[in-house]
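In this text, all values refer to a predicted model and were calculated from it rather than measured experimentally.
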Amino acid sequence: MTSSNLKASTVKEQAQSGAGRKVLARIGHVCPGGEGVLTETTFHALLTHERRRAERSRKPFVLMLLEIHALHASFRERLSSAIAGATRETDLIGWYEEGRILAAIFAELNMEENVPVPELLRSKIETVLRDSVGAEATARIVITTHIFPESWNRNETERPADLKLYPDLSEKGSKKRVPIVVKRGIDVLGSALLLLILSPFLAAIALAIKLTSKGPVIFEQERLGQFGTKFKCLKFRTMFTDNDPKIHREYVQSFIAGRTEFAESNGNEPAVYKLTNDPRVTAVGRYLRKTSLDEFPQFWNVLRGEMSLVGPRPPVPYEFEMYDYWHRRRVFELKPGVTGLWQVNGRSRTCFDDMVRLDLRYSQTWSLWLDLKILLATPWAVVAGDGAH
């Protein structure tokens with residue numbers, strides 16, 4: 001058995017173990033004459049599997065992309081053979097884009113501080129390519145590296161998600177293009193009608209806020225949308241102005257980390273995701289929060305395309321900082337919504353991990369029918385007010 005065939009066999013064996021059985025049906029599609037290079041469909045499936053494994057093992061991996069469409073076809077087989085000889089048996093080689101972008105996954109790396117692992121890998125591959133196809137051909141190859149999990153700095157303006165690591169999400173979008181277009185149409189029509197029909201009621205709420213406390217009627221807060229894109233989330237102001245956000249920040253971070261065991265309002269009840277008896281909240285604001293009326297301005301966010309009527313709640317940056325790797329999927333995989341499975345299944349009485357699981361379940365089973373069921377269940381959840389604060 002040749003080394004390339006051995007490598008393809010090794011990939012299959014890895015895929016058959018553990019969670020890899022779920023992608024086994026899509027494994028084994030090796031390009032003819034491609035020196036064990038996996039097809040685009042198979043490579044994308046394994047990239048998704050590798051993300052899930054890295055979330056559990058907490059061992060990062062590097063995705064290297066080599067844009068080779070500028071090369072003559074005669075170089076491509078030599079190129080894939082050279083890369084196969086420069087990687088470990090545990091690494092994966094396949095097409096990111098068939099015939100255009102070759103990719104390699106360097107799995108379970110020890111990313112020590114002050115060691116530029118991606119740069120070292122790139123230098124190694126460039127040396128191998130120069131020896132194999134020559135310096136001139138190598139110079140025409142565009143090489144990029146992408147680390148999973150991505151680093152996160154709340155002061156950066158760019159979104160934290162590296163889209164190159166999530167080709168499966170764009171594939172999901174292309175397969176459900178018509179339902180997604182219909183969902184966007186429902187978002188636009190539904191939010192516009194609600195804003196129009198409820199405008200007298202919204203004006204009354206605005207007047208009540210203005211007459212009872214100083215400050216603007218609308219509160220703008222930076223939140224993270226799909227793939228971590230920042231936007232200004234709109235709400236009716238429910239707090240006194242010039243308050244210290246430190247109270248909420250410390251509580252939410254402790255809650256996500258599992259250090260908050262009981263709600264501060266009642267030591268016999270489970271911890272809630274929102275602060276109860278928050279001294280910063282006004283009298284009118286307390287009622288608005290209890291009934292979720294403070295969130296009605298978010299229909300404008302829906303109109304602008306930053307949110308959807310149904311989806312996970314958008315986190316604030318300091319909340320995202322505390323997320324475990326698998327928690328981030330609720331932000332990266334879905335556009336945030338005004339309501340969702342969490343809101344109609346216990347709301348703030350649901351522990352954080354269960355809230356994330358509900359969001360991920362929504363992502364995996366999404367359909368227009370599911371959105372409709374959630375929308376129909378939301379009014380009762382609002383009226384009941386269970387878990388709202």
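- A donor-acceptor contact shorter than 3.5 Å is absent between the side chain of Ser132 and the backbone of Leu79.
- Once rounded to the nearest 0.5 Å, the distance linking CZ of Phe148 with CG of Leu47 reads 9.0 Å.
- Across all their heavy atoms, Arg328 and Pro149 have their closest contact at NH1-CB, 4.3 Å.
- For Lys183 (side chain) and Leu368 (main-chain N/O), no donor-acceptor pair under 3.5 Å exists by modelled atom type.
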| request: Go through the steps for Phe299 and Leu234 under the test side-chain contact (heavy atoms from CB on, under 4.5 Å), then give the verdict. | output: CA-CA 9 Å; Phe299 292 131; Leu234 306 179; over 6 Å; no
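- A donor-acceptor pair under 3.5 Å is formed between the side chain of Arg237 and the backbone N or O of Met239.
- Here Asp359 does not pair with Arg313 in a salt bridge; the nearest charged N to carboxylate O distance is not below 4.0 Å.
- A side-chain donor-acceptor contact under 3.5 Å links Arg88 to the backbone of Ala107.
- In summary, the aromatic rings of Phe332 and Tyr166 are positioned with their centroids under 6.0 Å apart.
- With values rounded to the nearest 0.5 angstrom, Ile147 atom CD1 is found 9.5 Å from Leu165 atom CG.
- In plain terms, the two heavy atoms of Gly337 and Pro314 that are nearest each other are O-CD, 4.2 Å.
- A salt bridge (charged side-chain N to carboxylate O under 4.0 Å, His left out) check over residues 184-213, counting only residues at least two apart or in different chains, returns nothing.
- Taking CD1 from Ile68 and CZ from Arg100, the interatomic distance works out to 10.0 Å, rounded to the nearest 0.5 Å.
- The side-chain tip of Arg223 does not point at the ring of Phe231 from less than 6.0 angstrom away and within 45° of straight on.
- In this structure, the side chain of Thr127 engages the main chain of Ser123 through a donor-acceptor pair within 3.5 Å.
- Relative to the six-membered ring of Phe240, Arg280 misses at least one condition, a distance below 6.0 Å or an angle of at most 45° to the axis.
- Rounding to the nearest 0.5 Å places CD1 of Ile101 at 12.5 Å from CD1 of Ile141.
- Ring centroids of His327 and Phe352 are separated by less than 6.0 Å, placing the two rings close together.
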Taking it one step at a time, do Arg51 and Tyr325 satisfy side-chain contact (heavy atoms from CB on, under 4.5 Å)? CA-CA 10 Å; Arg51 289 204 317 265; Tyr325 295 145; over 6 Å; no
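- Remark: side-chain polar atoms of Thr138 are paired, donor with acceptor, to backbone N or O of Gly134 under 3.5 angstrom.
- Using a 4.0 Å cut-off between a side-chain N of Lys or Arg and a carboxylate O of Asp or Glu, Glu119 and Arg122 do not qualify as a salt bridge.
- To the nearest 0.5 angstrom, Glu150 atom CD is 6.0 Å from Asp162 atom CG.
- Between Val37 and Gly94 the shortest heavy-atom distance is CG1-CA, 3.6 Å.
- When all heavy atoms are compared, the tightest approach of Gly228 to Val331 is N-CG1, 3.7 Å.
- Remark: side-chain polar atoms of Thr42 are not paired, donor with acceptor, to backbone N or O of Thr39 under 3.5 angstrom.
- Residues satisfying the ring pair (Phe, Tyr, Trp, His ring centres under 6.0 Å) criterion with Tyr96, sequence neighbours excluded, are His44.
- With hydrogens and angles disregarded, a donor-acceptor distance shorter than 3.5 Å links the side chain of Glu40 to the backbone of Glu98.
- In the displayed structure, Trp326 atom CH2 is contacted under 6.0 Å by more than 12 heavy atoms of other residues, nucleotides or ligands.
- For the pair Ala82 and Val128, the tightest heavy-atom approach, listed with the atom from each and the gap, is O-CG1, 3.5 Å.
- A side-chain donor-acceptor contact under 3.5 Å links Asp371 and Tyr362.
- Side chain of Asp91 to main chain of Thr87: no donor-acceptor pair is present (N/O by atom type, distance under 3.5 Å, no hydrogens or angles).
- No donor-acceptor distance shorter than 3.5 angstrom exists from the side chain of Arg130 to the backbone of Ala139, with no hydrogens or angles considered.
- Between Gly340 and Gln343, the closest heavy-atom pair is N-OE1, 3.0 Å.
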For this session: Kindly indicate, with the supporting measurements, whether the criterion salt bridge (Lys or Arg N to Asp or Glu O under 4.0 Å) is fulfilled by Arg329 and Glu55.
Result: CA-CA 10 Å; Arg329 289 165 52 195; Glu55 288 172 352; 3.6 Å; yes
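- Expressed to the nearest 0.5 Å, how far CE of Met307 lies from NZ of Lys335 amounts to 10.0 Å.
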